[in-house]
Amino acid sequence: MEEELKCPVCGSLFREPIILPCSHNVCLPCARTIAVQTPDGEQHLPPPLLHSRGSGLPAGAAAAAAAAAAPPPDHETPAGPACGGGGSGSAAGGDHADKLSLFSETDSGYGSYTPSLKSPNGVRVLPTVPAPPGSSAAAARGAACCSLPSASSSSITCPQCHRSASLDHRGLRGFRRNRLLEAIVQRHQQGRGAAHGASTAAAVAVCQLCDRTPPEPAATLCEQCDVLYCAACQLKCHPSRGPFAKHRLVSPPPPPRAPAEAASASPGAAQGAPSAGGSCKSPGATGAGAAGGGAARKYATCPDHEMENYSMYCVSCRAPVCYLCLEEGRHGKHEVKPLGTMWKQHKAQLSQALNGVSDKAKEAKEFLVQLKNILQQIQENGLDHEACLVAQCDALVDALTRQKAKLLTKITKERENKLKMVWDQISHCTLKLRQSTGLMEYCLEVIKENDPSGFLQISDALIKRVQVSQEQWVKGALEPKVSAEFELTLDSGPLLQAIHQLDFIQMKCRVPPVPLLQLEKCCTRNNSVTLAWRTPPFTHSTVDGYILELDDGDGGQFREVYVGKETLCTIDGLHFNSTYNARVKAFNSSGVGPYSKTVVLQTSDVAWFTFDPNSGHRDIILSNDNQTATCSSYDDRVVLGTAAFSKGVHYWELHVDRYDNHPDPAFGVARASVGKDMMLGKDDKAWAMYVDSNRSWFMHCSSHTNRTEGGVCKGATVGVLLDLNEHTLTFFINGQQQGPTAFSHVDGVFMPALSLNRNVQVTLHTGLEVPTNLGRPKLPGN
């Protein structure tokens with residue numbers, strides 16, 4: 001966490017940190033050294049020179065030229081007379097073109113420049129230029145108090161994102177003091193001081209490869225490998241043969257001495273050195289900075305109204321404000337919310353983001369354990385291969401001596417390559433883990449604070465940083481790049497004349513492993529099933545694709561329904577109320593892998609569907625989520641449903657919402673290729689009942705049969721019963737069967753269908769159980 005508490009300019013722990021507009025922090029003394037001023041003469045330049053950033057002298061260079069003319073703005077100096085000397089302090093007047101020249105083209109409040117004098121962190125550092133003896137500026141500086149130049153603008157550049165921000169008449173005092181960070185730094189210093197006494201004992205150098213807890217003391221150091229070994233690990237991991245024979249082993253270096261206490265170094269160090277640009281005491285120095293032990297922290301006050309505490313949070317400006325800012329200041333028309341509410345909300349957001357980083361850190365720790373196990377396996381497998389190779393070569397007598405050396409070299413190179421790759425991965429993962437852990441500890445310390453305004457000042461930036469930290473653990477980052485297995489095998493059966501060509505035989509590419517079904521993603525909807533699977537983790541066999549197989553829903557033979565590289569597949573057009581078995585296998589150039597476990601999927605008992613806007617005639621008008629249909633033409637037009645049936649018993653109803661001028665709507669089933677511009681049943685692709693207000697007929701291939709009394713009107717309900725087990729189609733009006741069974745020997749794939757004109761509007765009702773109390777047809781004469 002200590003990296004989070006260090007100033008990016010001086011590299012030391014923050015002292016009186018202030019928050020820049022870009023949400024980054026910098027020490028107040030360091031801010032004085034990197035502030036840039038524009039000299040008096042520049043504001044009289046023509047506006048094109050002030051606003052031009054790409055031609056001529058850059059704005060930053062012009063600001064650098066002005067640095068010697070005036071001291072940088074101070075955090076404590078108001079616009080006006082100097083606080084303790086005879087320096088000129090008239091308020092800045094005239095135009096502000098010099099200040100506008102620092103703004104970006106989008107008027108965002110940030111600018112940038114190309115610094116010439118840089119600190120190691122890439123920040124412009126302006127040396128203090130001595131004032132002429134006897135001048136008022138010298139007197140003011142001697143009094144440790146400086147004032148802003150009367151006719152100059154100032155800016156400060158963030159040392160991390162290199163954005164520039166203009167300073168107003170308040171100078172650095174216009175930036176908010178990060179009291180929360182200041183308190184955490186102080187607490188960290190106290191904890192480090194308490195732990196210093198416990199760590200004064202000299203550390204002993206330990207072995208870097210030991211798997212014991214604690215590790216054994218180091219006996220040797222390899223200068224070439226830069227690794228400390230105990231006696232046992234040196235014999236096992238760094239034998240004095242082969243390429244290691246030329247390595248130099250020396251005694252481990254002595255442990256470093258503990259640094260001397262800072263307080264005893266010099267009396268002045270405890271008191272603090274004056275900062276560049278003046279040594280005026282900041283008003284907050286007696287606040288969080290001076291608070292120690294159990295001293296109570298002062299409440300935060302508004303910088304614009306110093307006697308008022310923060311009470312609200314401006315959502316537009318993302319800053320805490322007082323009630324005077326709302327009544328008199330620029331926040332009057334902004335959206336504001338209670339300070340406590342926003343404090344809790346931002347704390348919750350930060351905690352939620354931290355949960356993700358915590359999970360990734362836990363995975364990273366487990367991954368490091370796995371990598372260390374791989375190291376041990378590589379060592380053991382390498383030694384096993386060496387022993388096997390030596391035994392085989394000794395059996396081939398003198399003819400194999402020269403070849404043995406070559407093969408040993410190959411194994412050693414393979415092992416070194418694997419070790420190097422694993423060590424590189426360990427180093428990379430350890431660095432990421434340390435960064436994430438430091439950020440987590442810092443964020444947790446921030447969450448512990450009970451200062452809402454201070455928390456809200458930095459919460460947005462912290463939340464973004466935590467989210468970025470979580471995103472850096474990309475997919476594949478926690479997977480080993482190498483396997484502990486050595487894919488080397490020796491064939492000792494060749495004849496003596498082939499000894500000089502003896503070499504390792506690379507193992508053939510393995511067939512893919514068994515895919516793992518992701519049951520939480522497998523589901524059914526209506527007569528469709530969706531299956532998902534994945535390759536097992538830490539698999540080094542290549543996968544060229546997958547084969548998904550499904551049975552016929554009756555326990556029959558499996559058949560291939562998908563071949564490809566995707567790991568998610570949806571199969572449509574299955575039978576309703578059926579049980580399907582599915583399995584998947586992977587394949588590559590070496591062959592086909594084994595099947596996965598079989599998953600059982602049950603399709604819906606009843607059909608849920610709507611009218612299909614893609615299959616209907618262009619004159620058909622659909623509404624109510626495609627459940628209500630009418631037509632814009634006086635001619636009959638056809639629309640189909642979205643479901644297709646080939647098995648089972650299915651029932652749906654159509655409610656007549658509007659019925660004008662005695663039209664003849666037709667209800668029934670059809671093939672997908674039915675004609676859409678004529679009444680349903682006039683071709684051989686549809687089976688229908690058309691009905692008027694008094695009677696109905698069954699129609700197929702333009703053949704009218706079974707005229708039956710009884711019609712429809714507004715509010716009537718027409719039921720359609722398709723029984724594909726008995727291969728029959730029956731119609732009902734208002735719960736009574738209309739005539740005999742309309743059609744027999746119905747076989748194949750059918751879709752619900754309807755034809756109507758502009759005088760009719762119907763609404764479809766689906767997902768209905770097959771009713772058992774439907775009335776039978778009336779007897780003749782009744």
Is there a side-chain contact between [X] and [Y], using heavy atoms and a 4.5 Å cut-off?
X	Y	answer
Thr535	Pro512	no
Pro480	Leu371	yes
Val9	Cys27	no
Val466	Cys443	yes
Phe244	Gln234	no
Leu550	Tyr562	no
Leu383	Lys236	yes
Trp343	Asn450	yes

Check [X] against [Y] and note the closest heavy-atom contact, atom names and distance.
X	Y	answer
Met421	Lys481	CE-CB, 4.1 Å
Ser528	Gly573	OG-N, 4.5 Å
Leu221	Pro252	CB-CA, 4.3 Å
Cys314	Cys317	SG-N, 3.3 Å
Gln377	Ala484	OE1-CB, 3.5 Å
Pro17	Arg177	O-CD, 3.4 Å

Looking at [X] and [Y], would you say the former's side chain and the latter's main chain have a donor-acceptor pair under 3.5 Å?
X	Y	result
Thr430	Ile426	yes
Asn588	Ser590	yes
Asn373	Val369	yes
Thr524	Thr603	no
Lys418	Ser483	yes
Glu549	Arg583	no
Thr567	Arg534	no
His188	Ile184	no
Gln470	Asn355	no
Asp551	Asn581	yes

Say you draw a straight line from [atom1] of [X] to [atom2] of [Y]; how long is it, rounded to the nearest 0.5 Å?
X	Y	atom1	atom2	answer
Leu339	Cys322	CG	SG	11.5 Å
Cys7	Leu13	SG	CG	10.0 Å
Arg465	Ile458	CZ	CD1	10.0 Å
Leu209	Gln376	CG	CD	9.5 Å
Ile19	Arg176	CD1	CZ	8.0 Å
Thr530	Ile571	OG1	CD1	7.0 Å

Salt bridge flag under 4.0 Å for residues Lys420 and Asp424: yes

Salt bridge present between Glu386 and Arg415 (N-O < 4.0 angstrom): yes

side-chain contact (heavy atoms from CB on, under 4.5 Å) between Leu419 and Gln379, intermediate numbers included: CA-CA 9 Å; Leu419 291 174; Gln379 299 289 349; 3.5 Å; yes

For Arg212, salt bridge (Lys or Arg N to Asp or Glu O under 4.0 Å) partners two or more places apart: none

Stepwise side-chain contact (heavy atoms from CB on, under 4.5 Å) check, Ser596 with Val584: CA-CA 5 Å; Ser596 67; Val584 65; 3.3 Å; yes

CA sep, side-chain torsions, deciding dist, call: Arg179, Glu449, salt bridge (charged side-chain N to carboxylate O under 4.0 Å, His left out): CA-CA 10 Å; Arg179 293 172 291 100; Glu449 291 298 317; over 6 Å; no

Modelled atom types, side-chain donor and acceptor of Ser469 and Ser436, under 3.5 Å: yes

Donor-acceptor pair between Asn309 and Ser311 side chains, under 3.5 angstrom: no

Whether over 12 other heavy atoms sit under 6.0 Å from Gln352 CD: no

For Asn178, the option from Ile18, Leu20, Asn25, Val26 that meets side chain to side chain contact (heavy atoms under 4.5 Å, CB included): Asn25

Candidate list Leu354, Ile463, Leu462, test side chain to side chain contact (heavy atoms under 4.5 Å, CB included), partner Gln349, passing option: Ile463

Plane angle bin for Trp533 and Tyr546 - parallel if under 30°, tilted between 30 and 60°, otherwise perpendicular: perpendicular

Parallel, tilted or perpendicular: rings of Tyr313 and His346 (30°, 60°): perpendicular

Derivation of the salt bridge (charged side-chain N to carboxylate O under 4.0 Å, His left out) call for Lys413 and Glu416: CA-CA 5 Å; Lys413 288 182 178 179; Glu416 290 179 350; over 6 Å; no

side-chain hydrogen bond (donor to acceptor under 3.5 Å, both in side chains) between Asp451 and Ser453, worked out: CA-CA 6 Å; Asp451 184 355; Ser453 61; 3.0 Å; yes

Test log, rule side-chain contact (heavy atoms from CB on, under 4.5 Å), inputs Phe486 and Ile378: CA-CA 8 Å; Phe486 280 67; Ile378 290 176; 3.9 Å; yes

Pairs where residues 515-525 contributes a residue and the test salt bridge (charged side-chain N to carboxylate O under 4.0 Å, His left out) is met, not counting sequence neighbours: none

